[in-house]
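Okay, so here's the structure we're looking at.
Both backbone and side-chain heavy atoms feed into the values below; hydrogens, waters and symmetry mates do not. Here, residue 1 is the first one in the sequence, and each next residue gets the next number.
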Amino acid sequence: MNSNNIQYVSNEQGKTVAVIVPIEVWREIESEKETAYLLKSPKMKQRLLEAKNRQDGITLEEVCEKLGI
């Protein structure tokens, strides 16, 4: 994450009340939050680890072809 592009918004008293971040940073934050949520469930954690370690499968192009898209 590149914190150089983060902007802080302050009110009249100088208190920071908001933050503006580039969309790429926001998407990374959202992805990390989603992953943390999924990992709270032992069953979902097991499924994610199995999927991560899976060596078989087909390419995205093959999936699209099979789905006709």
Which residue pairs satisfy the side chain to side chain donor-acceptor pair (under 3.5 Å) criterion with at least one member in residues 9-21, sequence neighbours excluded?
N11-Q13

Let me confirm one number: the CG-CE distance from L39 to M44, rounded to the nearest 0.5 Å.
9.5 Å

Could you work out the complete set of other residues in the hydrophobic cluster of V17, with links drawn between I, L, V, M, F, W and Y side chains under 4.5 Å apart?
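V9, I20, listed by chain and number.
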
Set of residues satisfying salt bridge (Lys or Arg N to Asp or Glu O under 4.0 Å) with respect to K33, sequence neighbours excluded:
E30

Run the side-chain donor-acceptor check on residues 58-65: report pairs under 3.5 Å with partners two or more places apart or on a different chain.
{"from": "T59", "atom 1": "OG1", "to": "E62", "atom 2": "N", "distance (Å)": "3.1"}
{"from": "T59", "atom 1": "OG1", "to": "E62", "atom 2": "OE1", "distance (Å)": "3.2"}
{"from": "E62", "atom 1": "OE1", "to": "T59", "atom 2": "N", "distance (Å)": "2.7"}

Tell me, please, which residues at least two apart from R27 pass side-chain contact (heavy atoms from CB on, under 4.5 Å).
I23

Can you get from Y37 to I29 by hopping between Ile, Leu, Val, Met, Phe, Trp and Tyr side chains that sit under 4.5 Å apart?
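No, because Y37 and I29 fall into different hydrophobic clusters, even though each may have its own neighbours under 4.5 Å.
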
Residues 48-56, side-chain donor-acceptor partners within the protein, below 3.5 Å, at least two apart:
{"from": "E50", "atom 1": "OE2", "to": "Q46", "atom 2": "NE2", "distance (Å)": "3.0"}
{"from": "N53", "atom 1": "ND2", "to": "L49", "atom 2": "O", "distance (Å)": "3.1"}
{"from": "Q55", "atom 1": "NE2", "to": "N53", "atom 2": "O", "distance (Å)": "3.3"}

